[in-house]
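These numbers were taken from a predicted model, which means no experiment stands behind them. Order of appearance sets the numbers: ligands from 1, and atoms from 1 within every ligand. Side-chain atoms are counted along with the backbone in the values below, which use heavy atoms only and exclude waters and symmetry mates.
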Amino acid sequence: MVRILVLGSGAREHAIILSLLSERAGHEITSAPGNAGIAADVPVVALDPTNASVVAQYALDNDVELVVIGPEAPLVAGVSDALRNRGIAVFGPGKAAAQLEGSKTFAKRVMEEAGVPTGRATRAGNLEEAVEAIDEYGSPYVIKADGLAAGKGVLVTEDREAAIAHARYWLGYGSVLVEEFLDGQEVSLFLLSDGHDVLPLSPAQDYKRAYDGDAGPNTGGMGAYSPLPWLPDTFVDEVIDTIGLPVVRQLEKEQTPFIGLLYCGLIATADGVKVIEFNARFGDPETQVVLPRLETPLSELLLAASTGGLGRLPWPRFSNDVAVTVVLASEGYPDEVVTGRPLTGLEDAAAVEGVHLAHAATGRTEEGYRATGGRVLNVVARAADFAAARERAYEALGRIRLEGGHYRRDIAERVVR
Ligand code: AMP
Ligand code: GLY
């Protein structure tokens, strides 16, 4: 039994908690601040997960043995450092290593030093430099805000004027990166890291655009599936050898070890796997399809990563079935979100065979659940194959009612055809 505190309030954190609860060990789990779905499963505490001293004091007062950090904000705020300095095991990199996600310039620099394959990129500090780079790389244009932008900082477009307008907007907040467009299938691969060694989880694919057929604006993620049956067998080894280990060893050398989850956002291009981005945490919604299939106890992996010794463990085991998740979003998401509306039918949805729900932006009143934000919840369906998993997921979604709610109908469709 381990006393574990999970920081965060999304469906990713709900998925982490459900995975920990499924272990035989019977852990004592609390979540801060959690959400209504999480609160139905474990105790939640209303503390600010980005306030390092508050989190550390809570962990000390409550004999927490492991803190798992879900979102990027506490990482970038240095919460891991504060906990580690007080001798508390924490799954999540310190502020310095979290720059791999927090600063695209930092990530590009580390990749360059480690010899990691990625698209060419130019940093622009003013509009003139940006336009020059836009014309140098050509269409399709890829423009990125340099800091954390909650998934809204990236524009991929064939419209030169739109590319320039996007650069102009984000230059108001700092520098922008203009990147070479990488053509190919996207893969999210999660690597557990203890600062020296890495262990892979099962690959997943995320659907980032808001609407069917990859139309509409970028979002935090509208659905995902795992595993990826179309990947070559050598894929994971290639990513570990050419990307994961070089980056982790580079950060170790710089004395800012990466302890936590190295999220590799990849494109399988015609000339090898290339990095589009790193995140310093579990991906959302990919976690919701990766962890349910994990057969190795998650707590053992997180503890080994946090305290060292991942290299002595075998690769995590996964079940042979498949998982599909579809995100139910509020009206207007990802732009002007309409929230506060009643959310019903959840029990009926979860009653579909192989289906469970991971809550994101839900709240509870005396009258029942309400949506409290953009991505409201995830329907997660498991089955022997993707056709069956999709059928279960959409059957369950059909039982949920949220006025104005929307979701993509084509999640995992490409692996069924
Ligand atoms: P990011 O926030 O960097 O993950 O970018 C969001 C999305 O934009 C990615 O998931 C890709 O679909 C797309 N994207 C980002 N960078 C590139 C690139 N260099 N080439 C092609 N697509 C990209
Ligand atoms: N699914 C994309 C992310 O977690 O950043």
Side-chain angles (χ1 to χ4, degrees), residues 8 10-13 15-16 69-73 75-76 98 100-108 111 116-122 133-134 137-158 163 166 170 176-190 201 203-210 213-226 260-271 273-291 325-327 329 334 358 360 374-375 378 408 411:
R12 162 185 52 210
E13 288 75 23
I16 291 169
I69 301 186
E72 57 272 35
L75 301 171
V76 173
L100 216 45
E101 169 165 3
S103 159
K104 298 205 186 271
T105 304
F106 177 88
K108 285 283 182 195
M111 281 191 270
V116 165
T118 183
R120 289 180 304 129
T122 300
I134 282 168
Y137 289 108
S139 173
Y141 307 100
V142 181
I143 318 295
K144 299 186 180 183
D146 191 25
L148 289 178
K152 289 184 186 146
V154 178
L155 181 69
V156 181
T157 180
E158 295 182 5
H166 190 78
W170 285 103
V176 299
L177 288 185
V178 181
E179 273 189 26
E180 169 190 8
F181 176 78
L182 299 173
D183 195 16
Q185 284 287 329
E186 280 189 63
V187 179
S188 301
L189 182 65
F190 298 166
L201 299 181
Q205 189 169 53
D206 179 17
Y207 287 72
K208 288 222 170 77
R209 299 294 189 111
D214 292 331
N218 259 313
T219 70
M222 294 298 288
Y225 66 93
S226 179
L261 200 288
L262 180 63
Y263 167 130
C264 302
L266 308 163
I267 292 206
T269 72
D271 72 333
V273 187
K274 296 194 180 176
V275 175
I276 338 175
E277 64 157 352
F278 289 117
N279 292 314
R281 47 158 181 89
F282 281 100
D284 189 346
E286 296 95 314
T287 302
Q288 290 86 298
V289 285
V290 171
L291 291 187
T325 188
V326 183
V327 172
R375 289 193 293 176
N378 283 62
R408 281 183 62 158
I411 305 301

Test side chain to side chain contact (heavy atoms under 4.5 Å, CB included) applied to Thr325 and Val289, Thr287, Ile411, the passing residue: Val289

4.0 Å heavy-atom contact, Arg209 with ligand 1: no

Proximal ligand 1 atoms for Lys104, defined as those under 4.0 Å from one of its heavy atoms: 3 (O)

Option with minimal heavy-atom separation from atom 18 (C) of ligand 1, where the choices are Asp214, Leu182, Ile267: Leu182

Atom indices of ligand 1, in the order listed, that fall short of 4.0 Å to a heavy atom of Phe181: 20 (N), 21 (C)

Contacts of type ring-ring contact (aromatic ring centres under 6.0 Å, His included), residue Tyr141, not counting sequence neighbours: none

Atoms in ligand 1 flagged as close to Ile276, the criterion being non-hydrogen separation under 4.0 Å: 14 (N), 15 (C), 16 (N), 17 (C), 18 (C), 23 (C)

For Thr105, side chain to side chain donor-acceptor pair (under 3.5 Å) partners two or more places apart: Asp146

Candidate pair Tyr225 and Gln205, rule side-chain hydrogen bond (donor to acceptor under 3.5 Å, both in side chains), full reasoning: CA-CA 6 Å; Tyr225 66 93; Gln205 189 169 53; 2.7 Å; yes

Aromatic ring pairing Phe282/Phe190, orientation class (parallel under 30°, perpendicular over 60°, tilted between): perpendicular

Stepwise side-chain hydrogen bond (donor to acceptor under 3.5 Å, both in side chains) test for Ser188 and Asp206: CA-CA 7 Å; Ser188 301; Asp206 179 17; 5.3 Å; no

Residues Arg408, Asp214: salt bridge by 4.0 Å N-O rule: yes

Residues in salt bridge (Lys or Arg N to Asp or Glu O under 4.0 Å) contact with Arg281, at least two apart in sequence or another chain: Glu72, Glu101

Contact residues of ligand 2, where a non-hydrogen atom lies under 4.0 Å away: Asp206, Lys208, Gly220, Tyr263, Asn279, Arg281, Gly283, Asp284, Pro285, Glu286

Proximity of Glu180 to ligand 1 by residue part, where a heavy atom lies under 4.0 Å: backbone

SB check Glu277 Lys144 (cutoff 4.0 Å): no

Nearest option to atom 9 (C) of ligand 1, as decided by whichever heavy atom of Glu179, Arg120, Glu186 sits closest: Glu186

